[in-house]
Asks: 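I am attaching a structure below and will ask some questions about it afterwards.
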Amino acid sequence: MKRLVLAAAAVVALAAAVPASAQFQKPEDAIKYRKATFTVMAAHFGRIGAVVKGAPFDPKAVAANASLLATLSTLPWSAFGEGTTGEHTRAKPEVWSEADKFKAGGQQMVDALAKLDVAAKSGNLDQIKAAFGDAAKTCKSCHDNFRKE
Ligand code: ASC
């Protein structure tokens, strides 16, 4: 048992020691990965957005979309390693030169989508609308500051 615990601790320590960029073979792979996560997020966010704008409200579908968003929103950040720039990304150099601000912005989106998930589970459309609006602001703020048009 003690050995198992030590082995587990070693794995955790190793995971912490490996830089995020090492998860990807080359910068293009990281760019593709993070773009894919944003693309899938936009699809699920858009489905809730349609309901917010007046499409029929199916609470279960909204909750399923929000649950996915809460998970998906945690994924792209490890794919913004140093050097993952170039012609295939719209990420501005500020992603790296203002890394703390970028990370904080990303965390705001993660937090806002966690709140949207809670609101969606409540099934209360007014709460969902409010949480959706707050989350959309966090998307926009990072796009304005860190994404080329
Ligand atoms: C979306 C989407 C975004 C955000 C952003 C919010 O549905 O694809 O990137 O909302 O437009 O301002």
Side-chain angles (χ1 to χ4, degrees), residues 8 11-149:
V11 170
V12 170
L14 182 67
V18 175
S21 55
Q23 296 169 10
F24 302 98
Q25 299 264 330
K26 37 187 201 310
E28 291 77 17
D29 292 348
I31 293 169
K32 249 196 223 174
Y33 176 92
R34 70 195 187 212
K35 280 185 158 184
T37 66
F38 287 125
T39 299
V40 176
M41 284 176 64
H44 292 282
F45 198 62
R47 288 175 200 173
I48 300 178
V51 175
V52 166
K53 291 196 186 96
F57 177 38
D58 173 351
K60 273 194 185 154
V62 169
N65 285 314
S67 171
L68 285 168
L69 284 162
T71 302
L72 290 165
S73 65
T74 65
L75 298 178
W77 315 111
S78 72
F80 280 96
E82 286 285 342
T84 57
T85 52
E87 58 180 322
H88 297 297
T89 177
R90 283 186 287 169
K92 285 185 183 169
E94 283 80 1
V95 166
W96 297 277
S97 64
E98 296 175 22
D100 288 348
K101 186 178 166 194
F102 178 68
K103 277 184 196 138
Q107 188 59 48
Q108 279 177 9
M109 187 193 71
V110 170
D111 293 345
L113 289 174
K115 285 184 186 160
L116 178 60
D117 188 24
V118 171
K121 284 190 169 82
S122 81
N124 179 310
L125 187 53
D126 287 335
Q127 278 183 38
I128 291 166
K129 284 182 178 173
F132 179 89
D134 289 345
K137 280 183 208 152
T138 68
C139 305
K140 186 174 184 316
S141 130
C142 261
H143 292 164
D144 290 349
N145 292 316
F146 295 104
R147 190 179 73 172
K148 294 174 201 155
E149 279 318 309

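Side chains included, hydrogens not; waters and symmetry mates left out as well; all remaining heavy atoms used. Whatever order the structure lists ligands and atoms in, that order sets their numbers, starting from 1.
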Asks: Looking only at protein heavy atoms, which one is nearest to atom 5 (C) of ligand 1, and what is the separation?
Replies: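 The closest one turns out to be C139 CB, 3.9 Å.
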Asks: Give the atoms of ligand 1, by number and element, whose distance to some non-hydrogen atom of K140 is under 4.0 Å.
Replies: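 Taking each heavy atom of K140 in turn, ligand 1 has 12 (O) under 4.0 Å.
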Asks: Is atom 1 (C) of ligand 1 less than 4.0 angstrom from at least one protein heavy atom?
Replies: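 Protein heavy atom within 4.0 Å of atom 1 (C) of ligand 1: present.
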Asks: Below 4.0 angstrom from a heavy atom of A42, which ligand 1 atoms are there? Numbered from 1 as shown, please.
Replies: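 Matching atoms, with element in brackets: 8 (O).
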Asks: Which heavy atom of the protein is the closest neighbour of atom 6 (C) of ligand 1, given with residue, atom name and distance?
Replies: A136 O, 3.3 Å
Asks: Can we say D29 and K32 salt-bridge, meaning some charged N sits less than 4.0 Å from an Asp/Glu carboxylate O?
Replies: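 No, D29 and K32 are not salt-bridged.
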Asks: If you take all heavy atoms of A79 and Y33, which pair is closest and at what distance?
Replies: CB-CD2, 3.7 Å
Asks: Evaluate the criterion ring-ring contact (aromatic ring centres under 6.0 Å, His included) for residue pair W77 and F102; output intermediate values, then yes/no.
Replies: CA-CA 10 Å; W77 315 111; F102 178 68; 5.6 Å; yes
Asks: Counting only heavy atoms, which portion of H143 has something under 4.0 Å from ligand 1: side chain, backbone, both, or neither?
Replies: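 Answer for H143: side chain.
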Asks: If you count heavy atoms of other groups shown closer than 6.0 angstrom to CG of D100, is the number above 12?
Replies: no
Asks: Indicate every side-chain donor-acceptor pair of residues 116-134 with a distance under 3.5 Å to a residue at least two apart or in another chain.
Replies:
unit_1: D117; atom_1: OD1; unit_2: K121; atom_2: NZ; d: 3.0
unit_1: D117; atom_1: OD2; unit_2: K121; atom_2: NZ; d: 3.1
unit_1: S122; atom_1: OG; unit_2: A119; atom_2: O; d: 2.5
unit_1: S122; atom_1: OG; unit_2: N124; atom_2: N; d: 3.1
unit_1: S122; atom_1: OG; unit_2: Q127; atom_2: OE1; d: 3.4
unit_1: N124; atom_1: OD1; unit_2: D126; atom_2: N; d: 2.9
unit_1: N124; atom_1: OD1; unit_2: Q127; atom_2: N; d: 2.9

Asks: With atom 10 (O) of ligand 1 as the reference point, say which of F45, F132, F38 has the nearest heavy atom.
Replies: F45
Asks: List the residues meeting side-chain contact (heavy atoms from CB on, under 4.5 Å) with K148, not counting sequence neighbours, and say none if there are none.
Replies: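 Checked K148 against side-chain contact (heavy atoms from CB on, under 4.5 Å); matches are R90, K92.
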